[in-house]
Amino acid sequence: MVSNPVHGLPFLPGTSFKDSTKTAFHRSQTLGYRNGYAIVRRPTVGIGGDRLQFNQLSQAELDELASKAPVLTYGQPKQAPPADFIPAHVAFDKKVLKFDAYFQEDVPMSTEEQYRIRQVNIYYYLEDDSMSVIEPVVENSGIPQGKLIKRQRLAKNDRGDHYHWKDLNRGINITIYGKTFRVVDCDRFTQVFLESQGIELNPPEKMALDPYTELRKQPLRKYVTPSDFDQLKQFLTFDKQVLRFYAIWDDTDSMYGECRTYIIHYYLMDDTVEIREVHERNDGRDPFPLLMNRQRMPKVLVENAKNFPQCVLEISDQEVLEWYTAKDFIVGKSLTVLGRTFFIYDCDPFTRRYYKEKFGITDLPRIDVNKQEPPPVKQELPPYNGFGLVEDSAQNCFALIPKAPKKDVIKMLVNDNKVLRYLAGLESPIPEDKDRRFVFSYFLATDMISIFEPPVRNSGIIGGKYLGRTKVVKPYSTVDNPIYYGPSDFFIGAVIEVFGHRFIILDTDEYVLKYMESNAAQYSPEALASVQKHVRKLEAPASESESKQTEKNPGVQELEALIDTIQKQLKDHSCKDNIREAFQIYDKEASGYVDRDMFFKICESLNVPVDDSLVKELIRMCSHGEGKINYYNFVRAFSN
C-alpha cells in the first residue's frame, strides 16, 4: 500500500487531503520563440506549480568540474590566426585581369571569304581563378555573339591542371575547348599586377582585322564640284515634251518565246524613260499598261555596283558613271533594258523633228519588222513497228495522250449486224491440212475479218477460233500505206492471204449473193458471175441430194419432221420476232454455235417454251458434243 508522503497516512479514499491552494496541474511549456527562432527552455515548475530543484550539484562535483582539463577530451587548442590575415576572396574581390585576343574561324560555304577573324576579351577572376571569354556584340553581324565561354575554371591539359594567372601573357596562344586564341594585349591593371608579381610581359601585338569586314566598310566620301547645269531651266524648257519610239522585243529563240511590241517614252524634262506594253484585243494577256515605270536608266555602273544584287541596289549618282540620254535612242539600233534587248524600228514625227534640230539626224526611216510565217513543217510518221493496226500506232504521234482513231459512224449504223460468211480451204503442202475447212466472217460495219474452224471429231485438230476480229492487210501493200481486204476481194475461187497463210474461197451463203446483187457496183462482173454460177450449180441437184441424204441419214428426216411439227404448234407464239438476231449478237465469230448456258439465257429472255417436250427434243438433236448448240436448225422451227 502506498502511503501519503505528506501526512504519513495511506493513500486511500478518506485518508488523503487536497491542497486547496493548488489550482494549476498542467505541465510547463518547454518550447519558446525568440526573434522568430524556436528555442528549448528548461521548466522551472512542475505539475501543480511546485518549484523544481535543478542545477544543484554537490561540492565534490563542483570541485571535479573546476579541476577537469579539456585537453584530454578535445586535444590541444589551435592557434588563432594572426590578426592581419585577409582571405583571397576578400583580398582579390572584384579584381579581374583582362586580355585582348582573337581567333580564326573557317567559312566553307562562302565565295567571298575563306576565313573570319573574331575578336574576344578574356577575363581572369583572381578571387577564384576562374575565366570567361566574351565577344563584343557587333550590330547586324548575323553571328551569335556575346558570352562564348561562361565563367569557370578551364582545364589546361589532360592531367586536370587548370589555367593560372601565371600562365597568361601577351603574344602567346592558349587553347580552350579546341579553339586557339591569340593573346595580343592586356589592360593597364593587368600589366601592373603581373609586373608586381615578377612576370616579364611580352611586347603587345597588333590586333588582327577581319578582311571581309574591312571590304564592307563604306568608302570615304568624295566631294565633287557641282556642275553648272540648271535642272530648273531644263524642266521649264522641255516640260510636256516627250520622245516616242516604237520597239520590239524578239524572244523567239527561247522556248515559247514570241515577238512583242512596246512603246518607249523619253521625257526630256528630267531624262526619265518609260516603257509601255501594246495590247491587242483577245491577246490573252493581263492589261498591265507599263513594263517599266518612269525612271532614269543607268547605262554604265561602277565596278562595285556590277556585282551587287540589282533587286536591292538603290541607284544613285554614286553607283552610276553614265545615264541613258536622248542620243542613245536611235531608230535602227538595239537597246538593253532590264535584261531585255529592244530594237527600235520607228518613232513619231515630233521625235524626228527633235533629232533633226538637236543632233542633225535627218534619216530616220521606218524599219519593217514583220516576219514571214515559216512554212508548216510536214509531220512524218515513224516506221510501223508491227504491233496493232497502223491507225492505232499513228495516234501516238499526234497527241501525248493517244485517242482511238475516228470511226465511220454512218457506215457502222447502216451495216450493223451485217456479216458476209464464206467457206474456205487452206492451201498447204501438208496433207493433213487439205481437208480442213474455215468459215470467214466479213463484218461490213468495221471491215474486219474473223476466221472460225468448225471442230471435226477424231481429226486430231482442235477447232474453234482461228483468228479474232481484225483488219487483214493485202500482201502487196506497203507498211506506210496499207490496203486492207474488202468485200470485193471475196468471191468463189479467190485466194486470201492472212498473215502468211493462203485460203481459197470455196462456198458462200445466200445472203452474200443477195448483198452482191444489191451492191453490184462494188464487185467486178467476174466475181458476181462466179458466185451466181456456184449458187445455181448447188440449187440444181438440191432436190436429189435432199432425197438421197434423207434416205442415207434418217436423223435428218426426223429433224425436218420435228421442225414442221413445232412450226405448226407454235405458229402464233410471240418469241418468233428477231430470234435469229438475238443469237447472232452473242455469236461473235459467226460460227452458228453458242454455249449451252448462253443458249438457255437467250431462250429465257425471248420467252421460248424450252419446257415443252417437242422443244426439248429439238434442243437435244441440235446439241453439239462440246457443250455447244447449233442455233441455225433451232431457229428454223420458229420462223415462217
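Heads up: numbering here begins at 1 and tracks the sequence.
Here the side chains of C347 and R244 are not in contact, with every heavy-atom distance at 4.5 Å or above. Proximity of V183 to N173: side-chain heavy atoms (C-beta onward) are nowhere separated by under 4.5 Å. At least one side-chain heavy atom of K98 sits under 4.5 Å from a side-chain heavy atom of D100. Annotation: side chain of V133 is not in contact with side chain of N121 (no heavy-atom distance under 4.5 Å). Counting heavy atoms from C-beta on, the side chains of V273 and H265 never come closer than 4.5 Å.
Summarising the local packing, CZ of F499 is surrounded by more than 12 heavy atoms from other residues, nucleotides or ligands at distances under 6.0 Å. Residue-environment remark: CD (Q152) exceeds the threshold of 12 foreign heavy atoms within 6.0 Å. The environment of CD in Q197 is crowded: more than 12 heavy-atom neighbours from other residues, nucleotides or ligands sit within 6.0 Å. Heavy-atom neighbours of F235 CZ from other residues, nucleotides or ligands within 6.0 Å: at or below the threshold of 12. I86 CD1: 12 or fewer foreign heavy atoms inside a 6.0 Å radius.
Between Y262 and F342, the gap from one ring centroid to the other is short of 6.0 Å. Taking the six-membered ring for Trp and the full ring otherwise, the centers of W165 and F193 sit less than 6.0 Å from each other.
The residue from Y266, F329, F350 that alone fulfils the ring-ring contact (aromatic ring centres under 6.0 Å, His included) condition with F245 is F329. None of Q119, R118, K147 except one satisfies the side-chain hydrogen bond (donor to acceptor under 3.5 Å, both in side chains) rule with E135; the exception is R118.
Judged by distance alone, with hydrogens and angles left aside, the side-chain atoms of S254 form a donor-acceptor pair with the main-chain N or O of D251 at under 3.5 Å. Proximity of a side-chain donor or acceptor of H279 to a complementary backbone N or O of F288 within less than 3.5 Å is detected.
Stacking of R340 on the aromatic ring of W249 is recorded, both the 6.0 Å distance cut-off and the 45° axial limit being met.
Here the NZ atom belonging to K95 is positioned 11.0 Å from the CD atom belonging to E127, to the nearest 0.5 angstrom. To the nearest 0.5 Å, atoms CD1 (I344) and CD1 (I248) are separated by 11.0 Å. Atoms CG and NZ, on D447 and K407 in that order, are 12.0 Å from each other to the nearest 0.5 Å. Interatomic distance, CD1 of I149 versus CG of L154, reported as 6.0 Å (0.5 Å rounding). Here L201 contributes atom CG and D185 contributes atom CG; the two are 9.5 Å apart, rounded to the nearest 0.5 Å. A distance of 11.0 Å separates NZ of K156 from CZ of R153, quoted to the nearest 0.5 Å.
Nearest approach of L209 to I117, heavy atoms of both residues: O-CG1, 3.8 Å. Here the closest non-hydrogen pair linking I172 and D167 is CD1-O, 3.5 Å. Residues D129 and Y124 approach most closely at OD1-OH, 2.8 Å, considering heavy atoms.
Under the 30°/60° scheme for interplanar angles, the aromatic rings of Y355 and F359 are found to be tilted. Relative orientation of the F238 and Y354 rings is perpendicular, given thresholds of 30° and 60° on the angle between their planes.
With respect to R296 and D270, no salt bridge is recorded, no charged nitrogen being found less than 4.0 Å from a carboxylate O. Using a 4.0 Å cut-off between charged side-chain N and carboxylate O, E380 and K378 make no salt bridge. One finds no salt bridge joining D210 and R116 here, because no Lys/Arg side-chain nitrogen approaches an Asp/Glu carboxylate oxygen to under 4.0 Å.
Y324 and D271 share no donor-acceptor pair across their side chains, judged by distance under 3.5 Å alone. Side-chain contact check for Y115 and E105: no donor-acceptor pair (N or O, by modelled atom type) lies under 3.5 Å.
Evaluation of the ring-ring contact (aromatic ring centres under 6.0 Å, His included) test over residues 87-106, restricted to residues two or more places apart or in two chains, returns F103-F181.
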